[in-house]
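First up is the structure itself, then whatever we jot down about it.
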Amino acid sequence: MKTKEVLADLKSRFPNEPEYHQAVEEVLTSIEDVYNQHPEFERVNLIERLCMPDRVFMFRVSWVDDKGRVRNNMAYRVQHNNAIGPYKGGIRFHSSVNLSILKFLAFEQTFKNSLTTLAMGGAKGGSDFSPKGKSDMEIMRFCQAYIAELWRHIGADTDVPAGDIGVGAREVGYMYGYYKKMAREFTGTFTGKGLTFGGSLIRPEATGYGNCYFLLNMLATRGIDIRGKRVAISGSGNVANFTAQKIIELGAKVVSMSDSQGCIIAPDGLTKEQFDYIFELKTYWRGRLSEVTDKFPELEYHAGQRPWKLVKCDIAMPSATQNELDGDDADALLAGGCIAVSEGANMPSTPEAVHKFVGARILYAPGKAANAGGVATSGLEMAQNSQKLSWSAAEVDSKLRDIMKAIHEQCVEYGRQDDGYINYVRGANVAGFMKVAEAMMAQGVL
Ligand code: NDP
Ligand code: 2IT
């Protein structure tokens with residue numbers, strides 16, 4: 001494989017898909033030398049088959065809003081690769097959603113799911129529908145209209161969706177309900193379901209908690225104690241909130257959180273009372289962080305800003321969205337003494353930022369390793385559904401810890417450099433790739 005040629009070809013065949021190109025470039029750059037040690041891969045053009053999604057469903061969703069107007073959105077499901085298990089990955093509802101973003105997410109998901117040690121292929125879906133400001137009934141009608149089209153392409157052993165940005169327990173409930181009605185079956189076709197209808201304990205917490213467990217594994221390689229460390233977090237949704245909750249429980253300080261309109265800085269760390277308020281405000285009341293200083297004037301709110309340049313931290317955990325931390329932000333973090341970056345979001349750091357982190361030899365975990373606890377626990381939900389059993393929270397949490405440790409071990413095995421530095425980007429990409437590649441080789445040209 002010649003990375004430059006493969007990339008140039010993909011760019012000319014699929015122009016105007018920058019996020020997809022970015023994700024593919026990062027993986028190909030990491031795996032090139034390993035790939036080239038396997039001429040059998042090249043003989044069956046494995047790399048091109050792995051980079052292009054197996055198929056993409058793309059459709060219009062029409063629904064009626066509360067004023068009786070007909071509204072139209074574009075919607076998608078990208079089934080990227082099912083070499084090691086059924087297609088699996090979340091659904092994103094956000095105004096920015098387009099084919100490029102979903103193709104990058106489905107591509108990343110394939111390697112992430114491979115790392116989890118479980119049998120799951122990669123997929124992602126979504127729509128440019130924005131749940132912001134919509135009533136509960138509008139959300140329900142949209143979810144039903146989306147599934148009215150998608151239901152025939154998914155299934156417990158075919159393709160299992162879950163949540164992502166803008167899709168949480170409420171949306172999964174509505175989508176699963178409509179799926180069940182259309183398919184006339186009660187199976188584990190969605191994960192992130194409510195506890196009364198097949199959901200798993202700890203799934204809501206799993207991405208954030210898993211990221212903290214991964215971070216603990218990384219810190220242990222350098223004998224660093226997390227207690228008292230200053231942790232900058234971005235986002236204040238599912239992933240960010242449960243990350244912050246666990247960070248506080250571990251005795252470290254959360255010095256920032258953010259949403260799409262601005263960020264909160266807590267120079268001395270959020271108190272439990274302040275964090276609980278933010279958690280409720282964002283989770284149950286669907287409020288804005290700008291409201292937080294009304295109740296806690298001692299906190300700083302910065303409209304339209306991201307946290308990275310505003311506060312010194314030892315650890316950064318970007319947990320909002322892709323490309324939310326750029327090269328200048330990385331410079332600011334490194335100048336402020338940051339020793340570790342563990343990504344809750346998918347591809348939150350730009351290539352320039354990643355280059356700076358790795359160049360500075362800090363602990364840097366890409367999202368496909370650090371945030372894999374969410375989909376791993378989805379895999380545990382699927383296992384419970386198949387057995388028609390529910391495991392206790394302690395059991396799921398213990399399995400999650402073991403999985404994050406196993407992901408960390410794979411990164412160390414494939415990512416340790418001659419100078420001893422663990423390059424988690426290379427480790428995650430090579431480990432994720434090798435399992436999928438071996439399965440694809442065994443199954444022939446499909
Ligand atoms: P949520 O919708 O629960 O929260 C998203 C958060 O990010 C919100 O605080 C939101 O702000 C903010 N945000 C969203 N888009 C932007 C943007 N364009 N600019 C700035 N801030 C933004 O989503 P999740 O917490 O589930 O997802 C966060 C990230 O984690 C995503 O990258 C997702 O792909 C990834 N992820 C999620 C997993 C999961 O299990 N949910 C698993 C693994 C990764 P606001 O409140 O203003 O909308
Ligand atoms: O990006 C992700 O890993 C997720 N949004 C979770 C996917 C899942 O199937 O649980």
Side-chain angles (χ1 to χ4, degrees), residues 19 85-97 101-102 104-113 115-116 118 120-126 130-133 159-172 188-193 199-200 202-211 233-244 257-264 278-279 281-283 285-290 304-307 317-325 343-349 366-382:
E19 293 85 1
Y87 299 108
K88 178 83 194 90
I91 291 181
R92 179 177 291 192
F93 291 162
H94 192 268
S95 54
S96 63
V97 163
I101 289 177
L102 295 182
F104 117 65
L105 288 164
F107 176 80
E108 289 283 288
Q109 196 82 45
T110 301
F111 300 94
K112 183 196 304 192
N113 292 4
L115 287 170
T116 63
L118 306 174
M120 298 182 289
K124 201 84 186 193
S130 172
K132 286 205 180 104
D159 182 356
V160 183
D164 193 79
I165 292 179
V167 176
R170 172 179 63 166
E171 292 74 17
V172 166
T189 294
F190 272 81
T191 59
K193 300 186 291 299
S200 174
I202 306 293
R203 175 63 189 91
E205 294 86 347
T207 311
Y209 282 15
N211 191 10
I233 296 175
S234 63
S236 48
N238 171 270
V239 178
N241 284 334
F242 285 108
T243 303
M257 297 193 72
S258 69
D259 63 19
S260 51
Q261 287 165 350
C263 68
I264 285 284
I278 291 174
F279 184 95
L281 176 76
K282 297 298 292 188
T283 311
W285 312 336
R286 297 177 195 278
R288 315 298 320 154
L289 282 184
S290 54
Q305 300 222 48
R306 306 183 292 208
M317 302 179 87
S319 306
T321 194
Q322 64 276 353
N323 293 327
E324 54 158 321
L325 195 166
E343 295 183 341
N346 287 306
M347 208 168 76
S349 307
K368 64 169 75 70
N371 73 35
V375 72
T377 307
S378 280
L380 301 178
E381 183 171 331
M382 289 162 73

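One-based numbering, in listed order, for ligands and for the atoms of each.
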query = Should the proximity of Lys368 to ligand 2, defined as any heavy atom under 4.0 Å, be assigned to the side chain, the backbone, both, or neither?
reply =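 For Lys368, there is no contact with ligand 2 at all, from either part.
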message = Taking 4.0 Å as the limit for heavy-atom contacts, which would you say applies to Asn346 with ligand 2: side chain only, backbone only, both, or neither?
response =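 The answer is the side chain of Asn346.
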Which residue and heavy atom of the protein sit nearest [atom], plus the separation:
{"atom": "atom 10 (O) of ligand 2", "value": "Ser378 OG, 2.6 Å"}
{"atom": "atom 6 (C) of ligand 1", "value": "Gly237 N, 4.0 Å"}
{"atom": "atom 24 (P) of ligand 1", "value": "Val239 CG2, 3.8 Å"}
{"atom": "atom 9 (O) of ligand 1", "value": "Ser236 N, 2.9 Å"}
{"atom": "atom 3 (O) of ligand 1", "value": "Asn238 N, 2.9 Å"}
{"atom": "atom 2 (O) of ligand 1", "value": "Gly166 N, 2.9 Å"}
{"atom": "atom 11 (O) of ligand 1", "value": "Ser260 N, 3.2 Å"}
{"atom": "atom 27 (O) of ligand 1", "value": "Ile165 CG1, 3.6 Å"}
{"atom": "atom 2 (C) of ligand 2", "value": "Lys112 NZ, 3.3 Å"}
{"atom": "atom 39 (C) of ligand 1", "value": "Thr207 OG1, 3.5 Å"}
{"atom": "atom 7 (C) of ligand 2", "value": "Gly90 N, 3.5 Å"}

ask   = What's the shortest heavy-atom distance between Thr116 and Ala376, and which atoms?
value =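 Result for this residue pair: CG2-CB, 3.9 Å.
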Would you give the length of the straight line joining atom [atom1] of [X] to atom [atom2] of [Y], rounded to the nearest 0.5 angstrom?
{"X": "Ser130", "Y": "His94", "atom1": "OG", "atom2": "NE2", "value": "6.5 Å"}
{"X": "Phe190", "Y": "Asp159", "atom1": "CZ", "atom2": "CG", "value": "9.0 Å"}
{"X": "Asp164", "Y": "Glu171", "atom1": "CG", "atom2": "CD", "value": "11.5 Å"}

task = Check whether the side chains of Ser234 and Glu324 place a donor and an acceptor atom closer than 3.5 Å, and report yes or no.
result =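 Yes.
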query = Does a side chain donor of either Thr191 or Lys88 reach within less than 3.5 Å of an acceptor in the other side chain?
reply =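 A donor-acceptor contact under 3.5 Å links the two side chains.
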request  = Please verify whether a non-hydrogen atom of Gly163 lies at under 4.0 Å from ligand 2.
outcome  =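 Yes.
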Ligand 2 contact by Lys124, heavy-atom criterion under 4.0 angstrom =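 The answer is yes: ligand 2 sits under 4.0 Å from a heavy atom of Lys124.
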Pick one of side chain, backbone, both or neither for how [X] approaches ligand 1, counting any non-hydrogen atom pair under 4.0 Å.
{"X": "Ser319", "value": "backbone"}
{"X": "Glu108", "value": "neither"}
{"X": "Lys282", "value": "side chain"}
{"X": "Glu324", "value": "neither"}
{"X": "Gln322", "value": "neither"}
{"X": "Ala206", "value": "neither"}

Can any side-chain N or O of [X] pair as donor or acceptor with the backbone N or O of [Y] at less than 3.5 Å?
{"X": "Ser236", "Y": "Ser258", "result": "yes"}
{"X": "Arg92", "Y": "Gly125", "result": "no"}
{"X": "Asn238", "Y": "Asn241", "result": "no"}
{"X": "Asn346", "Y": "Leu105", "result": "no"}
{"X": "Ser319", "Y": "Met317", "result": "yes"}
{"X": "Gln109", "Y": "Gly122", "result": "no"}

For residues [X] and [Y], determine if any side-chain heavy atom of one lies less than 4.5 Å from a side-chain heavy atom of the other.
{"X": "Arg288", "Y": "Lys282", "result": "yes"}
{"X": "Arg203", "Y": "Ser378", "result": "yes"}
{"X": "Val167", "Y": "Val172", "result": "yes"}
{"X": "Val239", "Y": "Asn211", "result": "no"}
{"X": "Lys132", "Y": "Ser260", "result": "yes"}
{"X": "Met120", "Y": "Val160", "result": "no"}

query = Quick one: do Lys193 and Glu381 make a salt bridge, cutoff under 4.0 Å?
reply =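 A salt bridge is present here (some side-chain N lies under 4.0 Å from a carboxylate O).
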Between ligand 1 and [X], is the shortest N or O to N or O distance under 3.5 Å?
{"X": "Arg288", "value": "yes"}
{"X": "Gln261", "value": "no"}
{"X": "Lys112", "value": "no"}
{"X": "Asp164", "value": "yes"}

Of the choices [options], which has the non-hydrogen atom that lies closest to [atom]?
{"atom": "atom 8 (C) of ligand 2", "options": "Ala106, Ala206, Gly374, Ala162", "answer": "Ala162"}
{"atom": "atom 28 (C) of ligand 1", "options": "Gly235, Gly287, Ala320", "answer": "Ala320"}
{"atom": "atom 9 (O) of ligand 2", "options": "Lys88, Arg92, Met382, Arg203", "answer": "Lys88"}

Can [X] be said to touch ligand 1, with heavy atoms closer than 4.0 Å?
{"X": "His94", "value": "yes"}
{"X": "Arg92", "value": "yes"}
{"X": "Lys132", "value": "yes"}
{"X": "Ser258", "value": "yes"}

query = Should you measure from each heavy atom of Ala345, which atoms of ligand 1 turn up under 4.0 Å away?
reply =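 In order of number, 29 (C), 30 (O), 32 (O), 35 (C).
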key: Gly344: numbered ligand 1 atoms lying under 4.0 Å from its heavy atoms   =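 Within the 4.0 Å cut-off of Gly344, ligand 1 contributes 30 (O), 35 (C), 36 (N), 44 (C).
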